[in-house]
Amino acid sequence: MSDIHVVDEAGSRGSLGYKFIDFRAASPDRQKRMPPIVEQIITGLTTLSELPGGSIAKHRTLPTLLHYDDAGLELFDRITYLPEYYLADCEIDVLRTHIHSIVAQIPDSSDVIELGCGSLRKTQILLDALNQQRSGITYYAIDVMPRPLHDSIESLASKFANVSFVALCGTYDEVLTHFKKSTRRKTVLWLGSSIGNFSCDGAVQFLAGISDSALTTNDSIIIGMDKQKTPEIIMAAYHDSQGITAKFKLNILSHANRLFSDYVGGDLQANLFDEAKYSYVGEYDKEASQRNAFLEVLEDTLVKWPQKMADQVKELCGDSGALLLKRGERIYVESSRKYGDGSASILARSTGLMYIAEWQDSRNYYMLSLFRKPPTTMSPPPAIGSSSFNKWSEPLRRARMIEKFGLGASPQYPTIPTLSEWQHLWSAWDTLLLRIIPRCCLHDQPIDLRHPFVFYLGHVPAFADIHMAAADNKPLTEPQSYAQWFERGIDPNIEDPTICHSHSEVPKEWPQVDDILAYRDRVRARFASWLNAYEKNGVSADAARHVWMAFEHEALHFETLLYMVLQMEPKDIQSPIETSFAPLNGRQPRESWIKYEGGSDLIFGLADDSEYAMQGQALRPGHVFGWDNESPQTRISLEPFSIRSQPITNGEYLAFLQALSASSGSVDGLVPQSWISLGQDSASLLAGDYGVRTVVGTPSINSTEAALWPVCVSQKQANAYATWSGKRLPTEAEWIHASRTYHLARALATGGDHKAGFEKGKSVDGFLDQELKQGSTEVLQQPYDVFVPSDANVDLASWHPRPVATDGATFLGSAWEWTSTPFYPYDGFKPSAMYPGYSADFFDPIADKDSTHYVVQGGSYVTHRRIAHRQTFRNWYQRGYPYVLATFRLIE
């Protein structure tokens, strides 16, 4: 077998062609204590619990695991052959249709671990492909009952000579921790739709637990997920005409009776339930997108605990007397959640995993989603508070909270980033600088207008240390000369590189890498110490701003470093995670436009963040810091406009270049630096292909999903496309107004309390004025856009862009978006005393007709979520700068 050495192999049945290990016997106190499932039965029956989704009344409960004794497994296998039960056929459809793509994600000499293997009917398709296409595969089947596990494995072990079989009997908790010691790559299979039995929080906790206990970097989980569809189809699948599902549910009671009888030594008086007094009923909860199953009491009945257990029952629930169940009362036994748009991405983000690929059946009823464990995440996983994993559910919940409780219900980030946030950001930096960039390349300079990579290794801690020294009023970290060399980098004018803002002295030779790393570690330790002390003692607003500034500076430079890395030779980039790019199926998304009325005196910018007014004051709870160019607030009037729902894609931009090439033959300066030629130069655009630069590969625009990603270009290139199409780029104010109103309106339109969607031809801001009871103005002025869809591709949710939305609009994620607004200050601007040159060095004289720097809005796939969600944040680049992760959309 693999690297599981801690189990007792006395139960090995190698003569049968496989090994069998009973982890239940390996639990040293199993025979001494009450089985956990018996405790769960007692507490579930004596406690009223809120069900997954929280949208229906509290109920008594029985554990879902009771479904799966020998009889239950046999009944469930029969259910999978029923015509109403679409799930099994859909899953088989997915496996047969996409088997080669799925097997491609499973490497040779690796372990495949299936949770709840059942009869292995569906798994046979995968095992057959692995047997033919892979070598060195060990298949581990995990289930709780020994006899069905033997029956399933015995029938298959002899069929697939190139696959080793191991049967593991026990619960997931008992089994999975032993895989952490394995040095082999692992793919966990969780087929069927068992994830639907969990609440949102429960699914997150379960998957995070698997990741923590069993997986290492690049290990995978493939999860079956039933998709949202009409309630009629769903309910028919769980209420078959032959009544087998009802028998399956009622068997729970027989299983519970046997567990109690076994625990008290075979006493038949231990039976708690008379099956004849219960019936199976189900309901569909549309709000939570789930079907709930209950056992309904048909007549008043008493549940009498075994006398031998009286003391234990009393200890658990305070009373050992008989439990009266009234006629009509329902005992909750299971939910089957159905997953919506963006759910796989949301689930990945919430568990610290990375969403890699998805395969669907021909009816779009069901999907297998592939998740992989990354080496790092940019932020701690966000909490999920919604009743569904649909990407608009969390924004809807927040909108309702604001309607009900006011703006105080609007969540925001801690004013000072927590130590956990810092540690995640440091880990992301180390992955980029010390893993993706080979050490031998740290002195490379892939963009002439920037310093070599090694500068950024010292720049980020040096800048942070300068601000920490100001925050705690103590000397700089040694060697103090690093502050002189690394404080500020270069960003010269691309048209005339002799024009450049003031910057640090460039040493004749950069310090040794190990010396810089030791300095970095001392600075990090200094920050950790300060953060721990701040949580106990409080802090001034000035000190807090210095620390916040260091954090956002580090987050912003992560993006600078990333787009520099993308200009390296692809062969020199060390991929942080194995990634799959879906083949290109179908055409570009249908172009659509969103209408806005605009308005007068619309407010933009950050309120109440004057650095000067806050000097010497204590930090106010809940304060939101911003950079100097975000203040003061300003008022702008907008004429009616319509904006394209999606950014321009790589495929559309390539078609534009091909059209120009065919008509004029010249595309000079228009081919994006974000592309790389796949075997031809720009002169053969009509016949050739380009790949998109990422740190995980260069997927083809002609043949992969990269055609549907937003194209990353300079502002000059974006303007060329806009002119060619007869449209224009949005202004900064138009883009912000479109984004923040759309997110709120779309969230509201998702809920049952509001209209199902926008009426055809109706403006988004007009919809808001009609639907939001307290008015939209005050809500939209908040610093953070809390209505961003939960699957937005920011904060390193992925190491590459993702396809633009086909349902509605995409206003945040994958890439920043160019505007037609020069980078000018708001009226009343005052440069930061702590960092005077942050904005002021890049403002262009307002009299210039052809400005150098232009505003970009939104955020890319590597933009920290604190920055991406702060709708007052203003970013900018030189209009001809071709390297940035910035796309564009059009106004008509």
Going by atom types alone, do S379 and E421 pair a side-chain donor with an acceptor below 3.5 Å?
no

Ring pair (Phe, Tyr, Trp, His ring centres under 6.0 Å) partner of F463, chosen from Y838, F551, Y835
Y835

Taking I603's backbone N and O only, do any of them form a donor-acceptor pair with Q633's side chain (distance below 3.5 Å, no angle check)?
no

Could you tell me whether the side chain of Y653 reaches within less than 4.5 Å of the side chain of P672, counting heavy atoms only?
yes

Short side-chain to backbone donor-acceptor contact, H459 and F486, under 3.5 Å
yes

Working note: E611 + K830, criterion salt bridge (charged side-chain N to carboxylate O under 4.0 Å, His left out); need CA distance, chi angles, decisive distance, verdict.
CA-CA 9 Å; E611 180 181 324; K830 292 182 179 180; over 6 Å; no

Side chains of T887 and E817, donor plus acceptor under 3.5 Å
no

Consider only side-chain N and O atoms of Y824 and S851, and report whether a donor and an acceptor are under 3.5 Å apart.
yes

May I ask you to check whether over 12 heavy atoms, not counting those of D608, lie within 6.0 Å of atom CG?
no

Within the structure provided, determine whether N719 and Q715 are in side-chain contact (heavy-atom separation under 4.5 Å).
yes

So do R865 and P382 actually touch side chain to side chain, heavy atoms under 4.5 Å?
yes

When you measure from the side chain of Q445 to the backbone of D448, do you find a donor-acceptor pair of N or O atoms at a distance under 3.5 Å?
yes

Under a 4.0 Å N-O cut-off, is there an ion pair linking R524 with D465?
no

Over 60° means perpendicular and under 30° means parallel, so tell me whether F558 and W429 are parallel, tilted or perpendicular.
perpendicular

Compute the ring centroids of H451 and Y456, then answer whether they are less than 6.0 Å apart.
no

I'd like to know if the side chain of D628 and the backbone of P831 have a donor-acceptor N/O pair within less than 3.5 Å.
no

Side-chain contact test, heavy atoms from C-beta onward, threshold under 4.5 Å: evaluate it for L432 versus F453 and give yes or no.
no

Can you check whether V862's main-chain N or O pairs, donor with acceptor, with S860's side chain at less than 3.5 Å?
yes

Distance col, row T376:OG1 vs Q423:CD, nearest 0.5 angstrom, shows 11.0 Å

Non-hydrogen side-chain atoms of W876 and Y854 separated by less than 4.5 Å:
no

Treating T819 as the side-chain partner and V856 as the backbone partner, does any N or O pair qualify as donor plus acceptor under 3.5 Å?
no

Salt-bridge present (D795, R866; N to O < 4.0 Å)
no

Run through F625, Y413, F873 and flag the one making a ring pair (Phe, Tyr, Trp, His ring centres under 6.0 Å) with Y784.
Y413

Looking just at side-chain N and O atoms, do H869 and D785 make a donor-acceptor pair shorter than 3.5 Å?
no

Do you see a donor-acceptor pair shorter than 3.5 Å between the side chains of Y563 and R450?
yes

Going by distance alone, is a donor N or O of one side chain under 3.5 Å from an acceptor N or O of the other, for S600 and S637?
no

Do W816 and T863 make a side-chain contact, defined as non-hydrogen atoms from C-beta onward lying under 4.5 Å apart?
yes

Please determine if R879 forms a cation-pi arrangement with F823, meaning its NZ or CZ atom is less than 6.0 Å from the six-membered ring centre and no more than 45° off the ring axis.
no

Verify, without hydrogens or angle tests, whether Q484 (side chain) and S481 (backbone) share a donor-acceptor contact under 3.5 angstrom.
no

Donor-acceptor pair, side chain of H623 and main chain of L619, under 3.5 angstrom:
no

For a salt bridge (charged side-chain N to carboxylate O under 4.0 Å, His left out) check, start with the C-alpha distance between D609 and R545, then their side-chain angles and the critical distance, and finish with the verdict.
CA-CA 10 Å; D609 185 45; R545 189 184 295 273; 2.9 Å; yes

Taking the side chain from T872 and the backbone from G605, do they hold a donor-acceptor pair closer than 3.5 Å?
no

Fit a plane to each ring of F811 and Y742, take the angle between them on a 0 to 90° scale, and name the class: parallel (under 30°), tilted (30 to 60°) or perpendicular (over 60°).
tilted

Please identify each residue that fulfils salt bridge (Lys or Arg N to Asp or Glu O under 4.0 Å) with R802, with sequence neighbours left out.
none

Please check if the side chain of T810 supplies one atom and the backbone of A805 the other of a donor-acceptor pair under 3.5 Å.
yes

Exercise: do D765 and S763 side chains pair donor with acceptor under 3.5 Å:
yes

Rounded to the nearest 0.5 Å, what's the gap from CD on E552 to CG on L556? Could you check?
6.5 Å

Could you check if a side-chain atom of F455 sits within less than 4.5 angstrom of a side-chain atom of W485, using non-hydrogen atoms only?
no

Answer with yes or no whether the side chains of Q615 and Q617 bring together a donor and an acceptor at under 3.5 Å.
no

Review item, side-chain donor-acceptor pairs of residues 726-734, under 3.5 Å, at least two apart:
{"residue": "K727", "atom": "NZ", "partner": "S725", "partner atom": "O", "Å": "3.4"}
{"residue": "R728", "atom": "NH1", "partner": "E734", "partner atom": "OE1", "Å": "3.0"}
{"residue": "R728", "atom": "NH2", "partner": "E734", "partner atom": "OE2", "Å": "2.8"}
{"residue": "T731", "atom": "OG1", "partner": "E734", "partner atom": "N", "Å": "3.0"}
{"residue": "T731", "atom": "OG1", "partner": "E734", "partner atom": "OE1", "Å": "3.4"}
{"residue": "E732", "atom": "OE1", "partner": "R874", "partner atom": "NH2", "Å": "3.0"}
{"residue": "E732", "atom": "OE2", "partner": "Q857", "partner atom": "NE2", "Å": "3.3"}
{"residue": "E732", "atom": "OE2", "partner": "R874", "partner atom": "NE", "Å": "2.9"}
{"residue": "E734", "atom": "OE1", "partner": "T731", "partner atom": "N", "Å": "2.9"}

